Visitor: 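First, the structure itself, so that you have it in front of you.
From a predicted model like this one, the values you see are computed outputs, not experimental measurements.
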Amino acid sequence: MSDILDRLAQTLEARKHADSQSSYVAKLYAKGLNATLKKIAEEAGETIIAAKDGDREQIIYETADLWFHTLVMLAQTGLHPDDILNELARREHLSGLEEKARRPKDE
């Protein structure tokens, strides 16, 4: 599964140097991080609605959009999907309650 994430990460890095008139992602980059964050919020809302409606195909479609825009945000902030996968692997054998208890108190 991480193969697709690696390929997407490479494409998103390449789009940093693309013409914003020729690439949706380059256009997002040109608009700045706030535009990407707004897009993530929009896609999260659409994913929630799809899940609430129970439409399997829409859940898949909207979640793919949400994940894609999150990957754009990661690239914009200098992160790679592996950074997130490594964090998930770190948490793999912790209960959610245990992991949350280990977080700094201000979260």
Side-chain angles (χ1 to χ4, degrees):
M1 171 149 121
S2 66
D3 289 346
I4 185 67
L5 294 177
D6 284 335
R7 288 194 305 272
L8 277 169
Q10 288 174 1
T11 298
L12 295 174
E13 282 300 314
R15 294 297 189 268
K16 288 180 177 180
H17 309 291
D19 178 9
S20 64
Q21 299 303 312
S22 66
S23 163
Y24 170 75
V25 172
K27 188 179 291 189
L28 268 180
Y29 288 153
K31 290 180 179 180
L33 183 60
N34 282 344
T36 303
L37 298 176
K38 287 178 185 177
K39 194 65 182 166
I40 291 170
E42 174 189 326
E43 297 301 344
E46 291 173 359
T47 301
I48 290 166
I49 291 167
K52 187 172 182 177
D53 291 346
D55 184 332
R56 185 177 188 280
E57 291 302 313
Q58 278 302 109
I59 294 169
I60 292 168
Y61 181 86
E62 296 301 345
T63 302
D65 281 352
L66 176 59
W67 285 16
F68 177 80
H69 288 90
T70 301
L71 290 169
V72 172
M73 179 269 302
L74 290 175
Q76 277 180 291
T77 58
L79 294 168
H80 187 277
D82 284 343
D83 296 314
I84 310 309
L85 294 175
N86 290 337
E87 176 60 15
L88 290 171
R90 183 190 70 77
R91 296 180 187 187
E92 186 173 12
H93 298 291
L94 294 175
S95 77
L97 296 174
E98 182 182 356
E99 193 282 325
K100 188 167 179 141
R102 290 182 179 189
R103 293 181 190 174
K105 297 296 180 204
D106 61 330
E107 289 187 24

Visitor: Cluster question for you: counting only ILVMFWY and a side-chain heavy-atom cut-off of under 4.5 Å, with indirect links fine, are Tyr24 and Leu37 together?
Guide: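 Yes, it is one cluster - the side chains of Tyr24 and Leu37 are joined through contacts under 4.5 Å.
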
Visitor: Find out if a path of hydrophobic residues (ILVMFWY) with successive side-chain heavy-atom gaps under 4.5 Å connects Leu8 to Ile60.
Guide: no

Visitor: Assess whether atom NZ of Lys16 is packed by more than 12 heavy atoms of other residues, nucleotides or ligands within 6.0 Å.
Guide: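 Yes, the 6.0 Å shell around NZ holds more than 12 heavy atoms from other groups.
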
Visitor: What closest approach, in Å, do Leu33 and Met73 show between heavy atoms, and which atom pair accounts for it?
Guide: CD1-CG, 4.0 Å

Visitor: Can you confirm whether Leu28 sits close enough to His69 that some side-chain heavy atom of one is under 4.5 Å from a side-chain heavy atom of the other?
Guide: yes

Visitor: Tell me the closest heavy-atom pair linking Ala18 and Ala26, and the distance in Å.
Guide: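 Shortest heavy-atom separation between Ala18 and Ala26 comes out as O-CB, 3.6 Å.
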
Visitor: Could you tell me whether the side chain of Gln58 reaches within less than 4.5 Å of the side chain of Asp53, counting heavy atoms only?
Guide: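 No. Closest side-chain heavy atoms not under 4.5 Å.
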
Visitor: Within the distance-only criterion (no hydrogens, no angle test), does the side chain of Thr47 pair as donor or acceptor with the backbone N or O of Glu62 below 3.5 angstrom?
Guide: yes

Visitor: In terms of hydrophobic clustering (I, L, V, M, F, W, Y; side-chain heavy atoms under 4.5 Å; direct or indirect links), are Leu66 and Ile59 co-clustered?
Guide: no

Visitor: Quick check: does any side chain N or O of Tyr29 sit under 3.5 Å from a backbone N or O of Leu12, one acting as donor and the other as acceptor?
Guide: yes

Visitor: Hey, could you give me the CG/CD distance between Asn34 and Gln76, rounded to the nearest 0.5 Å?
Guide: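 With rounding to 0.5 Å, CG (Asn34) is 9.5 Å from CD (Gln76).
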
Visitor: Is the shortest side-chain N to carboxylate O distance from Lys38 to Glu42 below 4.0 Å?
Guide: no

Visitor: I'd like to know if Ile84 and Ile40 are part of one continuous hydrophobic network [Ile/Leu/Val/Met/Phe/Trp/Tyr, side-chain heavy atoms within less than 4.5 Å].
Guide: yes

Visitor: Is the side chain of Asp83 donor-acceptor paired with the backbone N or O of Leu79 at a distance under 3.5 Å, no angle test?
Guide: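 Side chain of Asp83 to backbone of Leu79, a donor-acceptor pair under 3.5 Å: no, none is there.
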
Visitor: Restricting to non-hydrogen atoms, name the atom on Glu46 and the atom on Glu43 that form the minimum distance, rounded to 0.1 Å.
Guide: OE1-OE1, 3.0 Å

Visitor: Let me check something: do Ile49 and Phe68 share a hydrophobic cluster, defined by ILVMFWY side-chain heavy atoms less than 4.5 Å apart, either directly or through other members?
Guide: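 Different clusters.
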
Visitor: Would you indicate whether Tyr61, at its atom OH, is surrounded by more than 12 heavy atoms from other residues, nucleotides or ligands within a distance under 6.0 Å?
Guide: no

Visitor: Using the side-chain contact (heavy atoms from CB on, under 4.5 Å) rule, take His80 and Asp6 through it: C-alpha gap first, then chi angles, then the decisive distance, then the call.
Guide: CA-CA 8 Å; His80 187 277; Asp6 284 335; 3.1 Å; yes

Visitor: Are the side chain of Ser22 and the backbone N or O of Asp19 linked by a donor-acceptor pair below 3.5 Å?
Guide: yes

Visitor: First locate atom CZ of Arg15, then atom NZ of Lys27, and finally report the distance between them rounded to the nearest 0.5 Å.
Guide: 13.5 Å

Visitor: Should Thr36 and Thr70 count as side-chain neighbours, where that means a heavy-atom distance under 4.5 Å?
Guide: no

